[in-house]
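Structure record follows, encoded as structure tokens.
Heavy atoms only: backbone and side chains are in, while hydrogens, waters and symmetry mates are out. Lettering follows sequence order; numbering is per chain, from 1.
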Amino acid sequence: MDLMTISGLSVMQRLQDIDLSIRAGVVLGLIGPNGAGKSTLLHAIAGLLDSSGQIELDGQPIEQYSAEQRARLIALQPQFLESAWALSVHDIVSMGRLPWADSDQQIIEQAMRRTNVLGFAQRPVNQLSGGERARVWLARVLANQPRVLLVDEPIANLDIHYQQDVMQILRDYAQQGHAVIIALHDLSLAARYCDRLCLLEQTQLVSCGRVDQVLTEKLLQQVFKVEVFIDLAARPPVVLSR
Amino acid sequence: MVRGLNWLLGLMVLVAAAVSMDSGRIEIEVINGLWQWLRSIDSSAALISGEIRLPRTLLALLVGAAMGLAGAALQGFLRNPLVDPSLIGVSQGAALGAAGVFYFNLLPALGILAMPLAGLIGAALILLALIALSGSMARPAIIIMAGLAISALASALLAVVLNFAPNPYAMQELVFWLLGSVANRGIDYLYLLLPAVILGGLLVWHQRRLLLGLSLGEQVADSLGLQVVRGGRFIILGCAILIGSAVSIAGNVGFVGLVVPHLLRPLVGYRPDRLLLPSALGGALVVCVADILVRSLPPEHELKLGVLTALAGTPFFIWLVWKERQRWI
């Protein structure tokens, strides 16, 4: 059974009539050019934007959940994050427990261990490198323990080591019975780590399905307006512009 | 660590209050005087300790607590360490209300409470204008812009009132009042200030989770299920009550709300939710100590409390700007 079903989701002038569904254990990648509506879709699912259409979670319309319940079930990691204060890593991660109104140290520690940030738990977040910070933001949403995890461009500006690190953490989280939806620009990483992909163009969904159904030369050329080289059989899979 | 800090600040506040009760030009036995005052015994010690020093000390503590707490809450809500409580215009609104009483002798039936009450009304009107201007998008950036516009309007109206002063004495009296002081105010003022500080404090305290959530921005706070707009209104309302009541009773005691939270922030691990209580205690301590200093100066050159806090606070503000500049060089 689908964990989340979205039908006819629209956001004024930014997203039109989106239908998609996701099961537990699946990593769904949102791909498409800049301005296609990937971030808007994630924000609409998280309830941050006024939208029309229907979102069902566990078979229940999302409106039936209170804001706090929704925040326990769906967590969002926005693309751009900065702490206004020099909070410690531990304090940032413990913010993931705000919807639960607790500060369960076991869960917080587990999230920090999973993202490998436990070693610098007491350091101020503004003294960390970009890669370390990306893992701290991720630890915060993992400490939230959401059923559906929404992540917007988690690997932008990260080196290849941290890119793999972050994507593997998200993949592991999905395999523990959760759903993960990631907006991504890197099509090779999307092919490698996602189970399903949705391709967006100009606020609309062009295609949704298995990786090999979406990452086709014809579709990518139509949407990105460039010729592409695709080898999904390679290990790891390769998708490049020619 | 935060609990230890609160206990330490609490202890320092008690010591400052004791010193304040013992400070004055006439030497008296304070405890004995207070005991006599409580038993309504007519003596100079009872009069000085119960009617003069006790209200002055308690007012200094409450005004400082209100300023410190409002400063910490506003800095947290607006995610800006340079925010001063006067930013949202409520201080100017309170001053405007009080000026109306000075000049036009409004609310004569209320006696000495007319001015603080008019100050509160002025603060409330400015708050309503602020909420109306910021509208349903009452988000931090909009609040800052609306606050600047409204405080500029209130300052302009205050300038008009000063311009059309009925006589030089009224103007002088208003200007002295604006300089800020907790002297010569009876115990009656406490009946107005104490409930306002409790109410404003509770409104702000109730939103401490939102203050923490806002550390990572409004999007994250929203996604954590926190009510940014609704909670933000409670914070602004609470701060307006705290600042409005403090200013309408003591005039402008500037920089306390800016400096105190800033100094204490590293000691609470930069957590905006944990900064509230220490800032209230720190504000109470600073204003009480400043008032003791004011009293220790020669009587022929009376320095107003607000002047002293501004004199001490401005170099700190310059240092903050300097430090910020160094980060960009």
Side-chain angles (χ1 to χ4, degrees), chain A residues 39-40 42-50 65-103 121-127 133 136-137 140-141 143-144 146 148-152, chain B residues 1-2 71-83 136-137 139-141 143-144 206-232 261-276 278-279 323-324 327:
Chain A
S39 300
T40 305
L42 292 180
H43 285 77
I45 297 171
L48 305 188
L49 296 172
D50 287 332
Y65 297 97
S66 68
E68 209 156 63
Q69 284 172 327
R70 187 173 176 157
R72 289 176 186 176
L73 294 166
I74 305 173
L76 168 74
Q77 187 189 320
Q79 184 178 356
F80 302 107
L81 259 188
E82 201 177 343
S83 177
W85 317 108
L87 296 174
S88 72
V89 169
H90 180 273
D91 283 340
I92 295 275
V93 178
S94 65
M95 283 170 66
R97 300 305 298 167
L98 277 176
W100 299 88
D102 67 28
S103 51
Q122 296 309 321
R123 270 176 66 190
V125 74
N126 60 344
Q127 289 178 10
R133 231 179 281 189
V136 173
W137 306 143
R140 178 188 70 82
V141 281
N144 195 148
V148 180
L149 176 55
L150 312 169
V151 196
D152 196 357
Chain B
M1 178 170 171
V2 179
L74 282 176
Q75 288 177 6
F77 176 58
L78 300 173
R79 310 203 313 137
N80 190 331
L82 299 179
V83 165
S136 60
M137 291 293 290
R139 293 184 174 274
I143 300 269
I144 289 182
H206 195 61
Q207 297 301 325
R208 56 195 191 284
R209 286 172 68 223
L210 173 62
L211 291 176
L212 176 61
L214 276 171
S215 301
L216 293 184
E218 292 162 56
Q219 271 184 356
V220 169
D222 267 335
S223 72
L224 287 168
L226 301 165
Q227 308 284 330
V228 176
V229 172
R230 193 164 156 267
H262 207 89
L263 283 175
L264 293 171
R265 188 168 284 115
L267 304 178
V268 296
Y270 294 86
R271 293 237 337 214
D273 54 332
R274 290 182 182 160
L275 186 60
L276 298 177
S279 293
K323 213 175 79 169
E324 193 66 17
R327 279 179 54 190

> Taking all non-hydrogen atoms of both residues, which atom of Ser215(B) and which atom of Trp85(A) are closest, and how far apart?
Replying inline: OG-CD1, 3.5 Å
>> With a 4.5 angstrom heavy-atom cut-off, is it the side chain or the backbone of Ala75(A) that approaches chain B, or both, or neither?
In response: neither
> Which pair of heavy atoms, one from Ala71(A) and one from Gly225(B), lies closest together, and at what distance?
Replying inline: CB-N, 3.4 Å
> Do you know which of Ser66(A), Ser83(A), Ala46(A) has the most heavy-atom pairs with chain B at a distance under 4.5 angstrom?
Replying inline: Ser83(A)
>> Walk me through whether Asp91(A) and Tyr270(B) qualify under side-chain contact (heavy atoms from CB on, under 4.5 Å).
In response: CA-CA 10 Å; Asp91(A) 283 340; Tyr270(B) 294 86; over 6 Å; no
>> Is Pro81(B) close to chain A through its backbone or its side chain, or both, or neither, when contacts mean heavy atoms under 4.5 Å?
In response: both
>> With a 4.5 angstrom heavy-atom cut-off, is it the side chain or the backbone of Leu150(A) that approaches chain B, or both, or neither?
In response: neither
> Of all of Gly269(B), Ser223(B), Gly217(B), Pro266(B), which one pairs up most often with chain A through heavy atoms under 4.5 Å apart?
Replying inline: Ser223(B)
>> Quick check on the interface: out of Met95(A), His43(A), Glu68(A), who has the most heavy-atom pairs with chain B under 4.5 Å?
In response: Met95(A)
> Taking side chain as C-beta onward, heavy atoms only, is Leu224(B) less than 4.5 Å from Asn144(A)?
Replying inline: yes
> Under a 4.5 Å heavy-atom cut-off, does chain B meet the side chain of Leu98(A), its backbone, both or neither?
Replying inline: both
> Taking everything shown except Glu82(A) itself, do over 12 heavy atoms lie less than 6.0 Å from its CD?
Replying inline: no
>> Given heavy-atom pairs under 4.5 angstrom as the criterion, report whether the side chain, backbone, both or neither of Leu87(A) touches chain B.
In response: both
> Side chain, backbone, both or neither: which part of Arg140(A) has a heavy atom under 4.5 Å from chain B?
Replying inline: side chain
>> Measuring only between side-chain heavy atoms, which start at C-beta, is Arg209(B) closer than 4.5 Å to Pro99(A)?
In response: no
